[in-house]
> 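Quick one: structure below, then a few questions.
Convention: sequence-line order gives letters A, B, ...; per-chain numbering from 1. Everything numeric in this text was worked out from a predicted model, so none of it was measured.
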There are 2 protein chains.
Amino acid sequence: MAPLSRAMDHVDRILAQWKQERPDLDVEPMGLLGRLARLRTRLARETEKALAAHGLNAASFDVLATLRRAGPPYRLSPGDLLATTMVSSGTMTNRLDQLEKAGLIERAHNPEDRRSVIIALTPKGFALVDAAVTAHVENQHRLLEALGTDERAALDGLLRRFLAAFE
Amino acid sequence: MAPLSRAMDHVDRILAQWKQERPDLDVEPMGLLGRLARLRTRLARETEKALAAHGLNAASFDVLATLRRAGPPYRLSPGDLLATTMVSSGTMTNRLDQLEKAGLIERAHNPEDRRSVIIALTPKGFALVDAAVTAHVENQHRLLEALGTDERAALDGLLRRFLAAFE
DNA sequence: TCATTTTATCTTGACGTCAAGACAATGGCG
DNA sequence: CGCCATTGTCTTGACGTCAAGATAAAATGA
(Lines give C-alpha, C1' and ligand atoms only; values in the text may rest on other atoms or scores of the structure.)
Protein backbone atom coordinates (compact mmCIF):
# COMPACT_ATOMS: atom_id res chain seq x y z
CA MET A 1 0.00 0.00 0.00
CA ALA A 2 1.06 3.59 -0.49
CA PRO A 3 2.76 5.22 2.47
CA LEU A 4 0.25 6.97 4.68
CA SER A 5 2.35 10.07 5.04
CA ARG A 6 2.27 10.88 1.33
CA ALA A 7 -0.40 11.94 -1.10
CA MET A 8 -1.54 9.41 -3.65
CA ASP A 9 -0.01 10.17 -7.00
CA HIS A 10 -0.87 9.16 -10.52
CA VAL A 11 1.09 5.91 -10.30
CA ASP A 12 -0.50 4.99 -6.98
CA ARG A 13 -3.90 5.19 -8.61
CA ILE A 14 -2.81 2.82 -11.35
CA LEU A 15 -1.54 0.35 -8.77
CA ALA A 16 -4.74 0.58 -6.79
CA GLN A 17 -6.73 -0.25 -9.92
CA TRP A 18 -4.62 -3.31 -10.64
CA LYS A 19 -4.95 -4.50 -7.07
CA GLN A 20 -8.69 -4.29 -7.44
CA GLU A 21 -8.86 -5.96 -10.83
CA ARG A 22 -5.99 -8.41 -10.65
CA PRO A 23 -5.35 -9.16 -6.96
CA ASP A 24 -3.33 -12.19 -8.02
CA LEU A 25 -0.53 -9.95 -9.33
CA ASP A 26 2.21 -8.43 -7.20
CA VAL A 27 2.41 -5.07 -8.93
CA GLU A 28 4.87 -3.52 -6.52
CA PRO A 29 7.66 -3.13 -9.14
CA MET A 30 5.27 -1.29 -11.41
CA GLY A 31 5.28 1.65 -9.03
CA LEU A 32 9.00 2.25 -9.14
CA LEU A 33 9.30 1.54 -12.87
CA GLY A 34 6.28 3.65 -13.69
CA ARG A 35 7.60 6.64 -11.79
CA LEU A 36 10.97 6.28 -13.44
CA ALA A 37 9.40 6.26 -16.91
CA ARG A 38 7.07 9.16 -16.20
CA LEU A 39 9.81 11.22 -14.65
CA ARG A 40 12.08 10.60 -17.57
CA THR A 41 9.38 11.80 -19.99
CA ARG A 42 8.89 15.01 -18.03
CA LEU A 43 12.60 15.66 -17.74
CA ALA A 44 13.19 14.96 -21.43
CA ARG A 45 10.53 17.46 -22.42
CA GLU A 46 12.01 20.13 -20.18
CA THR A 47 15.42 19.44 -21.65
CA GLU A 48 14.13 19.72 -25.21
CA LYS A 49 12.64 23.08 -24.34
CA ALA A 50 15.91 24.42 -22.96
CA LEU A 51 17.87 23.27 -26.01
CA ALA A 52 15.28 24.59 -28.45
CA ALA A 53 16.26 28.08 -27.31
CA HIS A 54 19.57 27.42 -29.07
CA GLY A 55 18.01 25.86 -32.15
CA LEU A 56 18.95 22.34 -31.08
CA ASN A 57 17.11 19.23 -30.04
CA ALA A 58 18.46 16.61 -27.66
CA ALA A 59 19.59 14.40 -30.53
CA SER A 60 21.72 17.07 -32.17
CA PHE A 61 23.01 18.29 -28.85
CA ASP A 62 24.15 14.81 -27.87
CA VAL A 63 26.35 14.55 -30.93
CA LEU A 64 27.81 18.04 -30.66
CA ALA A 65 28.40 17.61 -26.94
CA THR A 66 30.19 14.31 -27.46
CA LEU A 67 32.54 15.98 -29.93
CA ARG A 68 33.05 19.01 -27.71
CA ARG A 69 33.87 17.17 -24.52
CA ALA A 70 36.22 14.79 -26.33
CA GLY A 71 38.63 17.73 -26.37
CA PRO A 72 40.91 18.97 -29.16
CA PRO A 73 40.88 18.48 -32.07
CA TYR A 74 37.14 17.84 -31.63
CA ARG A 75 37.07 14.98 -34.09
CA LEU A 76 35.57 11.51 -33.76
CA SER A 77 34.36 8.83 -36.13
CA PRO A 78 30.66 7.95 -36.45
CA GLY A 79 31.57 4.68 -34.75
CA ASP A 80 33.05 6.51 -31.78
CA LEU A 81 29.91 8.61 -31.53
CA LEU A 82 27.75 5.48 -31.73
CA ALA A 83 29.56 3.94 -28.79
CA THR A 84 28.46 6.70 -26.45
CA THR A 85 24.98 7.58 -27.61
CA MET A 86 22.81 4.43 -27.48
CA VAL A 87 21.37 4.87 -30.97
CA SER A 88 21.54 2.77 -34.14
CA SER A 89 23.96 3.47 -36.96
CA GLY A 90 21.12 4.62 -39.19
CA THR A 91 20.06 7.13 -36.57
CA MET A 92 23.59 8.45 -36.31
CA THR A 93 23.87 8.88 -40.08
CA ASN A 94 20.65 10.84 -40.02
CA ARG A 95 21.84 13.06 -37.17
CA LEU A 96 25.14 13.73 -38.88
CA ASP A 97 23.38 14.61 -42.14
CA GLN A 98 21.39 17.29 -40.40
CA LEU A 99 24.31 18.71 -38.47
CA GLU A 100 26.38 18.83 -41.64
CA LYS A 101 23.60 20.66 -43.49
CA ALA A 102 23.45 23.15 -40.63
CA GLY A 103 27.19 23.71 -40.89
CA LEU A 104 27.84 22.55 -37.34
CA ILE A 105 30.04 19.58 -38.28
CA GLU A 106 32.05 18.51 -41.33
CA ARG A 107 32.72 15.05 -42.71
CA ALA A 108 36.27 14.30 -43.81
CA HIS A 109 37.92 11.16 -45.13
CA ASN A 110 40.11 9.19 -42.80
CA PRO A 111 43.45 8.80 -44.61
CA GLU A 112 44.29 5.75 -42.51
CA ASP A 113 41.11 3.81 -43.29
CA ARG A 114 39.02 4.60 -46.31
CA ARG A 115 35.93 2.94 -44.86
CA SER A 116 35.98 5.41 -42.04
CA VAL A 117 34.89 9.03 -41.79
CA ILE A 118 36.06 11.75 -39.47
CA ILE A 119 33.42 14.02 -38.00
CA ALA A 120 34.80 17.40 -37.04
CA LEU A 121 33.13 20.19 -35.10
CA THR A 122 33.17 23.42 -37.11
CA PRO A 123 33.92 26.75 -35.39
CA LYS A 124 30.22 27.48 -35.69
CA GLY A 125 29.37 24.13 -34.10
CA PHE A 126 31.88 24.68 -31.34
CA ALA A 127 30.49 28.10 -30.45
CA LEU A 128 26.92 26.81 -30.51
CA VAL A 129 27.49 23.77 -28.34
CA ASP A 130 29.54 25.77 -25.87
CA ALA A 131 26.68 28.21 -25.40
CA ALA A 132 24.08 25.46 -25.37
CA VAL A 133 25.82 23.34 -22.76
CA THR A 134 26.06 26.29 -20.41
CA ALA A 135 22.30 26.79 -20.62
CA HIS A 136 21.69 23.06 -20.51
CA VAL A 137 23.60 22.63 -17.26
CA GLU A 138 21.83 25.61 -15.75
CA ASN A 139 18.54 24.01 -16.69
CA GLN A 140 19.61 20.73 -15.14
CA HIS A 141 20.32 22.53 -11.87
CA ARG A 142 16.82 23.94 -12.03
CA LEU A 143 15.29 20.54 -12.65
CA LEU A 144 16.96 19.17 -9.54
CA GLU A 145 15.85 22.00 -7.29
CA ALA A 146 13.01 19.86 -6.00
CA LEU A 147 15.48 17.60 -4.24
CA GLY A 148 17.84 18.40 -1.38
CA THR A 149 21.55 17.71 -1.51
CA ASP A 150 21.26 14.47 0.45
CA GLU A 151 18.37 13.27 -1.65
CA ARG A 152 20.26 13.92 -4.85
CA ALA A 153 23.24 11.95 -3.60
CA ALA A 154 21.06 9.08 -2.46
CA LEU A 155 19.10 9.00 -5.70
CA ASP A 156 22.22 9.17 -7.83
CA GLY A 157 23.77 6.31 -5.88
CA LEU A 158 20.74 4.11 -6.31
CA LEU A 159 20.45 4.88 -10.00
CA ARG A 160 24.11 4.06 -10.40
CA ARG A 161 23.65 0.67 -8.81
CA PHE A 162 20.57 -0.04 -10.83
CA LEU A 163 22.16 1.04 -14.10
CA ALA A 164 25.23 -1.07 -13.40
CA ALA A 165 23.04 -4.15 -13.71
CA PHE A 166 22.52 -3.33 -17.39
CA GLU A 167 25.89 -2.06 -18.59
CA MET B 1 34.19 13.46 -7.89
CA ALA B 2 32.95 9.91 -8.21
CA PRO B 3 32.84 7.89 -5.00
CA LEU B 4 36.06 6.01 -4.51
CA SER B 5 34.33 2.83 -3.54
CA ARG B 6 32.63 2.41 -6.88
CA ALA B 7 33.79 1.65 -10.38
CA MET B 8 33.65 4.46 -12.89
CA ASP B 9 30.67 4.01 -15.17
CA HIS B 10 29.79 5.41 -18.55
CA VAL B 11 28.25 8.54 -17.07
CA ASP B 12 31.25 9.17 -14.84
CA ARG B 13 33.45 9.23 -17.90
CA ILE B 14 31.26 11.84 -19.51
CA LEU B 15 31.43 13.99 -16.40
CA ALA B 16 35.20 13.65 -16.22
CA GLN B 17 35.47 14.86 -19.82
CA TRP B 18 33.36 17.91 -19.10
CA LYS B 19 35.39 18.75 -16.01
CA GLN B 20 38.50 18.66 -18.15
CA GLU B 21 37.06 20.69 -21.01
CA ARG B 22 34.68 23.01 -19.21
CA PRO B 23 35.90 23.35 -15.61
CA ASP B 24 33.70 26.43 -15.23
CA LEU B 25 30.56 24.27 -15.30
CA ASP B 26 29.12 22.47 -12.30
CA VAL B 27 28.04 19.30 -14.06
CA GLU B 28 26.98 17.43 -10.94
CA PRO B 29 23.28 17.25 -11.95
CA MET B 30 24.23 15.72 -15.28
CA GLY B 31 25.28 12.55 -13.52
CA LEU B 32 21.94 11.87 -11.90
CA LEU B 33 19.92 12.95 -14.92
CA GLY B 34 22.13 11.03 -17.31
CA ARG B 35 21.79 7.82 -15.33
CA LEU B 36 18.06 8.27 -15.12
CA ALA B 37 17.78 8.69 -18.89
CA ARG B 38 20.09 5.80 -19.71
CA LEU B 39 18.36 3.52 -17.27
CA ARG B 40 14.98 4.38 -18.65
CA THR B 41 16.14 3.53 -22.18
CA ARG B 42 17.43 0.14 -21.07
CA LEU B 43 14.29 -0.63 -19.11
CA ALA B 44 12.05 0.45 -21.96
CA ARG B 45 13.84 -1.86 -24.38
CA GLU B 46 13.52 -4.80 -22.00
CA THR B 47 9.84 -4.04 -21.58
CA GLU B 48 9.28 -3.90 -25.34
CA LYS B 49 10.90 -7.30 -25.65
CA ALA B 50 8.65 -8.87 -23.03
CA LEU B 51 5.51 -7.44 -24.62
CA ALA B 52 6.58 -8.43 -28.13
CA ALA B 53 6.19 -12.05 -27.05
CA HIS B 54 2.46 -11.31 -26.94
CA GLY B 55 2.39 -9.38 -30.20
CA LEU B 56 2.15 -6.02 -28.44
CA ASN B 57 4.34 -2.99 -28.07
CA ALA B 58 4.39 -0.68 -25.07
CA ALA B 59 2.09 1.80 -26.80
CA SER B 60 -0.65 -0.74 -27.49
CA PHE B 61 -0.22 -2.35 -24.11
CA ASP B 62 -0.65 0.98 -22.34
CA VAL B 63 -4.03 1.50 -23.94
CA LEU B 64 -5.28 -2.03 -23.38
CA ALA B 65 -3.99 -2.03 -19.81
CA THR B 66 -5.73 1.25 -19.06
CA LEU B 67 -9.02 -0.19 -20.27
CA ARG B 68 -8.50 -3.45 -18.40
CA ARG B 69 -7.63 -1.99 -15.03
CA ALA B 70 -10.48 0.50 -15.24
CA GLY B 71 -12.72 -2.48 -14.44
CA PRO B 72 -16.10 -3.48 -15.91
CA PRO B 73 -17.43 -2.67 -18.40
CA TYR B 74 -13.91 -1.98 -19.74
CA ARG B 75 -14.96 1.12 -21.60
CA LEU B 76 -13.39 4.58 -21.64
CA SER B 77 -13.41 7.53 -24.01
CA PRO B 78 -10.28 8.55 -25.97
CA GLY B 79 -10.19 11.59 -23.70
CA ASP B 80 -10.11 9.42 -20.60
CA LEU B 81 -7.28 7.40 -22.11
CA LEU B 82 -5.40 10.57 -22.97
CA ALA B 83 -5.54 11.74 -19.39
CA THR B 84 -3.53 8.79 -18.16
CA THR B 85 -1.04 8.12 -20.93
CA MET B 86 1.00 11.30 -21.54
CA VAL B 87 0.58 11.28 -25.32
CA SER B 88 -1.03 13.71 -27.77
CA SER B 89 -4.52 13.26 -29.14
CA GLY B 90 -3.13 12.42 -32.58
CA THR B 91 -1.02 9.66 -31.07
CA MET B 92 -4.03 8.24 -29.29
CA THR B 93 -6.10 8.21 -32.48
CA ASN B 94 -3.30 6.32 -34.19
CA ARG B 95 -3.04 3.79 -31.38
CA LEU B 96 -6.77 3.21 -31.35
CA ASP B 97 -6.81 2.75 -35.13
CA GLN B 98 -4.30 -0.06 -34.85
CA LEU B 99 -5.98 -1.75 -31.93
CA GLU B 100 -9.30 -1.59 -33.71
CA LYS B 101 -7.79 -3.13 -36.85
CA ALA B 102 -6.37 -5.92 -34.70
CA GLY B 103 -9.80 -6.55 -33.18
CA LEU B 104 -8.64 -5.78 -29.65
CA ILE B 105 -10.93 -2.79 -29.11
CA GLU B 106 -14.11 -1.45 -30.68
CA ARG B 107 -15.27 2.11 -31.19
CA ALA B 108 -18.88 2.85 -30.35
CA HIS B 109 -20.88 6.07 -30.41
CA ASN B 110 -21.66 7.68 -27.11
CA PRO B 111 -25.44 8.15 -27.10
CA GLU B 112 -25.15 10.93 -24.53
CA ASP B 113 -22.65 13.04 -26.46
CA ARG B 114 -22.25 12.66 -30.18
CA ARG B 115 -18.80 14.28 -30.16
CA SER B 116 -17.58 11.51 -27.97
CA VAL B 117 -16.58 7.93 -28.68
CA ILE B 118 -16.55 4.92 -26.41
CA ILE B 119 -13.60 2.61 -26.64
CA ALA B 120 -14.44 -0.90 -25.51
CA LEU B 121 -12.13 -3.83 -24.93
CA THR B 122 -13.23 -6.82 -27.02
CA PRO B 123 -13.14 -10.34 -25.51
CA LYS B 124 -10.05 -10.95 -27.61
CA GLY B 125 -8.46 -7.76 -26.29
CA PHE B 126 -9.37 -8.67 -22.74
CA ALA B 127 -7.80 -12.12 -23.00
CA LEU B 128 -4.67 -10.75 -24.61
CA VAL B 129 -4.05 -7.97 -22.13
CA ASP B 130 -4.73 -10.28 -19.21
CA ALA B 131 -2.06 -12.68 -20.41
CA ALA B 132 0.32 -9.88 -21.34
CA VAL B 133 0.08 -8.10 -18.01
CA THR B 134 0.93 -11.29 -16.16
CA ALA B 135 4.11 -11.67 -18.19
CA HIS B 136 4.80 -7.95 -17.99
CA VAL B 137 4.68 -7.91 -14.20
CA GLU B 138 6.88 -11.00 -14.03
CA ASN B 139 9.36 -9.23 -16.27
CA GLN B 140 9.25 -6.16 -14.04
CA HIS B 141 10.15 -8.31 -11.06
CA ARG B 142 13.10 -9.62 -13.01
CA LEU B 143 14.24 -6.10 -13.92
CA LEU B 144 14.29 -5.12 -10.27
CA GLU B 145 16.26 -8.15 -9.13
CA ALA B 146 19.43 -6.09 -9.14
CA LEU B 147 18.16 -4.10 -6.19
CA GLY B 148 17.45 -5.25 -2.65
CA THR B 149 14.13 -4.64 -0.90
CA ASP B 150 15.42 -1.63 1.00
CA GLU B 151 16.99 -0.13 -2.07
CA ARG B 152 13.78 -0.50 -4.03
CA ALA B 153 11.82 1.24 -1.30
CA ALA B 154 14.37 4.04 -1.04
CA LEU B 155 14.53 4.52 -4.79
CA ASP B 156 10.77 4.50 -5.17
CA GLY B 157 10.43 7.08 -2.43
CA LEU B 158 12.95 9.40 -4.01
CA LEU B 159 11.41 9.03 -7.46
CA ARG B 160 8.02 9.79 -5.97
CA ARG B 161 9.27 13.01 -4.42
CA PHE B 162 11.04 14.01 -7.60
CA LEU B 163 8.05 13.23 -9.79
CA ALA B 164 5.75 15.18 -7.49
CA ALA B 165 7.62 18.33 -8.49
CA PHE B 166 6.29 17.92 -12.03
CA GLU B 167 2.71 16.70 -11.62
C1' DT C 1 -33.12 31.89 -29.96
C1' DC C 2 -28.76 32.31 -31.99
C1' DA C 3 -24.00 33.52 -32.02
C1' DT C 4 -19.89 32.36 -29.64
C1' DT C 5 -16.86 29.62 -27.06
C1' DT C 6 -15.53 25.29 -25.51
C1' DT C 7 -14.99 20.38 -25.83
C1' DA C 8 -13.90 15.83 -28.09
C1' DT C 9 -11.82 13.60 -31.67
C1' DC C 10 -9.50 13.09 -35.93
C1' DT C 11 -6.34 14.60 -39.87
C1' DT C 12 -2.15 16.14 -41.79
C1' DG C 13 2.68 16.64 -42.41
C1' DA C 14 7.10 16.43 -40.42
C1' DC C 15 10.52 14.15 -37.40
C1' DG C 16 13.49 10.87 -35.07
C1' DT C 17 14.18 6.24 -34.47
C1' DC C 18 15.06 1.39 -35.54
C1' DA C 19 16.09 -3.19 -37.91
C1' DA C 20 17.80 -5.19 -41.75
C1' DG C 21 20.57 -5.13 -45.26
C1' DA C 22 23.76 -2.93 -48.92
C1' DC C 23 28.32 -1.60 -49.91
C1' DA C 24 33.12 -0.89 -49.77
C1' DA C 25 37.50 -1.35 -47.47
C1' DT C 26 40.32 -3.95 -44.34
C1' DG C 27 42.44 -7.75 -41.91
C1' DG C 28 43.34 -12.78 -41.38
C1' DC C 29 44.62 -16.92 -42.84
C1' DG C 30 45.49 -20.84 -45.74
C1' DC D 1 48.53 -14.16 -53.17
C1' DG D 2 43.71 -14.53 -52.95
C1' DC D 3 39.60 -15.83 -50.49
C1' DC D 4 36.58 -14.81 -46.74
C1' DA D 5 35.04 -12.88 -42.55
C1' DT D 6 34.93 -8.53 -40.35
C1' DT D 7 34.45 -3.65 -39.89
C1' DG D 8 32.58 1.07 -40.71
C1' DT D 9 29.12 3.64 -42.71
C1' DC D 10 25.07 4.49 -45.23
C1' DT D 11 20.37 3.25 -47.32
C1' DT D 12 15.74 1.75 -47.13
C1' DG D 13 11.22 1.17 -45.40
C1' DA D 14 8.29 1.08 -41.55
C1' DC D 15 6.83 2.97 -37.04
C1' DG D 16 5.37 5.92 -33.27
C1' DT D 17 5.14 10.48 -31.97
C1' DC D 18 3.99 15.39 -31.99
C1' DA D 19 2.11 20.15 -33.10
C1' DA D 20 -1.17 22.48 -35.45
C1' DG D 21 -5.27 22.69 -37.35
C1' DA D 22 -9.87 20.76 -39.08
C1' DT D 23 -14.55 19.15 -37.83
C1' DA D 24 -18.50 18.60 -35.50
C1' DA D 25 -21.28 18.73 -31.39
C1' DA D 26 -22.45 20.76 -27.07
C1' DA D 27 -22.57 24.41 -23.65
C1' DT D 28 -22.92 29.28 -22.64
C1' DG D 29 -25.05 33.59 -22.31
C1' DA D 30 -26.86 37.78 -24.19
> Are the side chain of Ser116(B) and the backbone N or O of Glu112(B) linked by a donor-acceptor pair below 3.5 Å?
no

> Below 4.0 angstrom from OP1 or OP2 of dC15(D), is there any side-chain N or O of Arg95(B)?
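No.
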
> At 4.0 Å (heavy atoms only), tell me whether Gly79(A) reaches a base, stays on the sugar-phosphate, or touches nothing.
sugar-phosphate

> Side chain of Arg107(B) only, please: which of dT26(C), dC10(D), dC10(C) is the nearest?
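Looking only at heavy atoms from C-beta outward on Arg107(B), the closest nucleotide is dC10(C).
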
> Ser77(B) side chain: which of dT9(C), dC18(C), dT17(D) is closest?
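So the side chain of Ser77(B) is nearest to dT9(C).
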
> Please state how far atom NE2 in His109(B) lies from atom C1' in dA25(D), giving the value in whole angstrom units.
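Computing the His109(B):NE2 to dA25(D):C1' distance gives 13 Å.
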
> Do Thr91(B) and Asn94(B) meet the criterion of a side-chain donor-acceptor pair at a distance under 3.5 Å?
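There is no such pair between these side chains.
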
> Indicate whether OP1 or OP2 belonging to dC15(C) is found under 4.0 Å from a side-chain N or O atom of Asn57(A).
no

> Under 4.0 Å, counting only non-hydrogen atoms across every strand here, what does Ser89(B) touch: a base, just sugar-phosphate, or nothing?
base

> Do Thr91(B) side-chain and dC18(D) base share a donor-acceptor contact under 3.5 Å?
no

> Within this structure, what is the CE-to-P distance between Met86(B) and dT17(D), rounded to whole angstrom?
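It works out to 13 Å between those atoms.
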
> Quick one: is Asn94(B) getting a side-chain N or O under 4.0 Å of the dT17(D) phosphate, OP1 or OP2?
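So the side-chain polar atoms of Asn94(B) never come under 4.0 Å of the phosphate oxygens OP1 or OP2 of dT17(D).
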
> Tell me whether Glu28(A) is salt-bridged to Arg152(B), with the criterion being a basic N under 4.0 Å from an acidic carboxylate O.
no

> At under 4.0 Å, does any side-chain N or O of Ser116(A) touch on OP1 or OP2 of dT9(D)?
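Answer is yes, contact under 4.0 Å.
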
> Parallel, tilted or perpendicular: which one describes the rings of His136(A) and Phe61(A), with boundaries at 30° and 60°?
tilted

> Name the residue closer to the 5' end of DNA chain C, choosing between Asp113(A) and Met92(A) according to the nucleotide with the nearest heavy atom.
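Its nearest nucleotide lies further toward 5', so the answer is Met92(A).
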
> Scan Gln98(A) against the nucleic acid and name what it touches under 4.0 Å (heavy atoms): base, sugar-phosphate only, or nothing.
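The answer is sugar-phosphate, as Gln98(A) gets under 4.0 Å only of primed atoms, P, OP1 or OP2.
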
> Quick one: do the Thr84(A) and Arg13(B) side chains pair a donor with an acceptor below 3.5 Å?
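Short answer, no.
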
> What's the closest nucleotide to the Val117(B) side chain, out of dT9(D), dT17(C), dT9(C)?
dT9(C)

> Of all the choices, dC18(D), dA19(C), dT11(C), which nucleotide is nearest to the side chain of Thr93(B) once you look at every atom?
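Shortest atom-to-atom distance from the side chain points to dT11(C).
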
> Using a cut-off of strictly less than 4.0 Å, decide whether Arg114(A) has a side-chain nitrogen or oxygen near OP1 or OP2 of dT9(D).
no

> Between Arg115(B) and Leu96(B), just flag the one whose closest nucleotide in DNA chain C comes earlier from the 5' side.
Arg115(B)

